Protein chains: 2
Amino acid sequence: MEETGIVAPRAARTLRRTRIQEEKEEQILSAALDVFSQHGFRGTTIDQIAEVAGMSKPNLLYYFRTKEAIHRALIDRVLQTWLDPLRAFDAEGDPEQEIRSYIRRKLEMARDFPRESRLFANEILQGAPHIEDELKGPLKALVDEKAEVIRTWARAGKIAKCDPYHLIFSIWSTTQHYADFDVQVRAVLGQDQAGEGRFDDAARHLEQLFLNGLAVKRKA
Amino acid sequence: MEETGIVAPRAARTLRRTRIQEEKEEQILSAALDVFSQHGFRGTTIDQIAEVAGMSKPNLLYYFRTKEAIHRALIDRVLQTWLDPLRAFDAEGDPEQEIRSYIRRKLEMARDFPRESRLFANEILQGAPHIEDELKGPLKALVDEKAEVIRTWARAGKIAKCDPYHLIFSIWSTTQHYADFDVQVRAVLGQDQAGEGRFDDAARHLEQLFLNGLAVKRKA
DNA sequence: TGTAATGTTTACCAATCGGTCAAATTCTCG
DNA sequence: CGAGAATTTGACCGATTGGTAAACATTACA
């Protein structure tokens with residue numbers, strides 16, 4: 001019946017959102033982000049979310065009627081902001097600077113919103129049952145558009161010829177790796193890298209990698 | 001009581017494995033790989049595995065006493081082979097060729113063993129509760145060793161100076177992306193890329209990326 | 001202040017969860 | 001074949017699952 005992710009409380013007659021509604025829904029979504037991003041949709045229980053959110057299960061279900069509704073609300077919200085950096089990709093800008101800042105922005109998101117990244121990763125890993133249409137529609141359209149920009153740069157000789165789609169995949173995977181595989185990254189780097197310094201190192205490394213590669217040889 | 005992942009059937013008095021044991025355990029592990037890699041540990045039910053394996057739940061539990069035992073057996077097996085390509089990294093070899101074939105090997109694994117890759121990704125996403133020690137011990141040791149090799153190459157001027165750890169992360173993430181994020185990759189590329197051609201494109205792209213970067217500018 | 005709408009809790013439900021058990025069946029090997 | 005081991009099954013268990021019903025408490029607002 002309901003189509004929206006965020007569902008009005010059952011008893012609600014009005015369409016306006018109360019202060020309490022605002023607060024509680026925020027609590028729930030934050031708690032759900034914690035749990036969903038770690039255990040995936042099926043591995044998450046409503047009781048778990050309710051406990052993290054600090055409320056009883058029926059109370060939680062007063063705001064979101066089903067587990068799916070919570071999940072969809074989260075996914076919608078994340079999808080909306082997740083592609084902003086790519087949207088910011090400017091065809092008129094300087095290629096080097098555009099790529100550099102795209103990498104930096106994606107890396108900042110991995111650092112500042114790791115739960116969102118993992119939620120997305122979990123969804124894709126499970127075969128994207130809830131967002132297949134989003135991927136094939138809006139996402140593909142956006143990537144197609146930006147791929148054309150990159151291709152133009154390459155044709156103009158501003159960057160080396162390359163497959164723009166796989167280039168985008170490479171930027172996505174390398175940056176999101178620091179959110180999704182954080183545990184592994186920490187384990188390998190050891191605790192000397194306890195702080196956030198690894199993100200600066202990663203930024204330097206990725207900028208060099210994408211702009212210069214390993215410089216083993218040159219075509220020209 | 002039991003420490004091993006693969007548990008001998010309860011009634012077994014002998015230590016030898018029967019032909020049936022061999023077959024059934026293989027069926028179970030393959031089915032479990034399907035389900036675990038898609039839904040993670042907590043999202044997977046024994047009934048599900050049993051159904052995919054084509055046997056009853058009690059029958060399955062005759063071969064593996066608990067859900068955890070199945071999962072551990074799988075993880076152990078995957079961990080063992082997953083790092084083989086990195087182990088093959090040869091300090092004496094030609095840097096360009098070593099990196100090239102490492103990328104190719106990892107990409108082949110993403111193509112041929114996507115379930116294994118996703119199982120691993122799921123485990124890491126969930127905070128690596130079952131393999132933290134493996135990561136901090138054997139994995140870190142191996143990476144430390146190979147990082148030193150890369151550093152030596154850089155010092156000898158054979159490749160550009162770079163952070164070897166983040167270089168390895170980059171290779172891992174870009175290659176595994178084609179297994180873990182397969183749905184997204186397919187969605188973005190469209191069905192024209194229905195076959196396995198995307199792996200060849202990816203190989204070409206990644207070789208160029210890592211060896212030449214985008215060649216926007218040169219240090220020298 | 002009163003009252004209707006909003007919010008919360010306790011008790012509960014059917015279905016599914018991981019796992020057990022004993023009986024029934026099939027296999028192996030002398 | 002026959003006997004003992006190995007395998008398979010159905011019936012079952014307590015705990016947990018997603019979700020509901022209704023009584024109760026609180027809030028907003030006329």
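Computed from a predicted structure; not experimentally measured. To find a chain, count down the sequence lines: A is the first, B the second, and so on, and within it residues start at 1.
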S.K.: Could you give the NZ-to-P distance, from K24(A) to dG7(C), as a whole number of Å?
M.R.: 9 Å
S.K.: Near DNA chain C, under 4.0 Å by heavy atom, which residues of residues 38-46 of chain B?
M.R.: T44(B), T45(B), I46(B)
S.K.: Could you state the CD-C1' distance from E23(B) to dA6(D), rounded to the nearest angstrom?
M.R.: 14 Å
S.K.: Choosing from dT9(C), dT8(D), dG18(D), which nucleotide comes nearest the side chain of N59(A)?
M.R.: dT9(C)
S.K.: Can you list, pair by pair, the side-chain donor-acceptor contacts under 3.5 Å of residues 50-58 of chain A, counting residues two or more places apart and other chains?
M.R.:
| from | atom 1 | to | atom 2 | distance (Å) |
| --- | --- | --- | --- | --- |
| S56(A) | OG | N59(A) | N | 3.3 |

S.K.: Please tell me if Y62(A) has a side-chain N or O lying less than 4.0 Å from either OP1 or OP2 of dG7(C).
M.R.: yes
S.K.: Determine which pairs satisfy side-chain hydrogen bond (donor to acceptor under 3.5 Å, both in side chains) with at least one residue from residues 101-114 of chain A, sequence neighbours left out, and list them in order.
M.R.: Y102(A)-W172(A), R104(A)-E207(A)
S.K.: Could you tell me how far apart K67(A) (NZ) and dG19(D) (P) are, to the nearest whole angstrom?
M.R.: 8 Å
S.K.: Rounded to the nearest Å, what distance is computed from the CD atom of residue E68(B) to the C1' atom of nucleotide dG18(C)?
M.R.: 11 Å
S.K.: Should the pair R72(A)-D76(A) be classified as a salt bridge under the 4.0 Å nitrogen-to-oxygen rule?
M.R.: no
S.K.: Between dT26(C) atom P and Q21(B) atom CD, what is the distance in whole Å?
M.R.: 19 Å
S.K.: Salt bridge or not for R19(A) and E22(A), using N-O below 4.0 Å?
M.R.: no
S.K.: Check the orientation of Y178(B) and F169(A). Use parallel for under 30°, tilted for 30 to 60°, and perpendicular for over 60°.
M.R.: perpendicular
S.K.: Pairs in or reaching into residues 186-206 of chain B: which pass ring pair (Phe, Tyr, Trp, His ring centres under 6.0 Å), with residues at least two apart or in two chains?
M.R.: none
S.K.: Measure CG/D47(B) against P/dC13(D) and give the value in whole Å, please.
M.R.: 17 Å
S.K.: Using whole Å, what does the distance between atom C1' of nucleotide dG19(D) and atom CD1 of I49(A) come to?
M.R.: 13 Å
S.K.: Has the side chain of R118(B) got a donor or acceptor atom that lies under 3.5 Å from a matching backbone atom of S37(B)?
M.R.: no
S.K.: What is the distance, rounded to the nearest whole Å, between atom CD1 of I20(B) and atom C1' of dT25(C)?
M.R.: 12 Å
S.K.: Give every pair of a protein N or O atom and an N or O atom of nucleotides 10-13 of chain C that lie under 3.5 Å apart, one pair per line with the distance.
M.R.:
none

S.K.: Does the plane of the ring in F181(A) sit parallel, tilted or perpendicular to the ring in F120(B)? Use 30° and 60° as the thresholds.
M.R.: tilted
S.K.: In chain order, what residues pass the side chain to side chain contact (heavy atoms under 4.5 Å, CB included) check against D201(A), with sequence neighbours excluded?
M.R.: Q193(A), R204(A), D163(B), H166(B)
S.K.: Counting just side-chain N and O atoms, does R19(A) come under 4.0 Å of either OP1 or OP2 of dT6(C)?
M.R.: no
S.K.: Output yes when at least one side-chain N/O atom of Y63(A) is less than 4.0 Å from OP1 or OP2 of dT6(C), else no.
M.R.: no
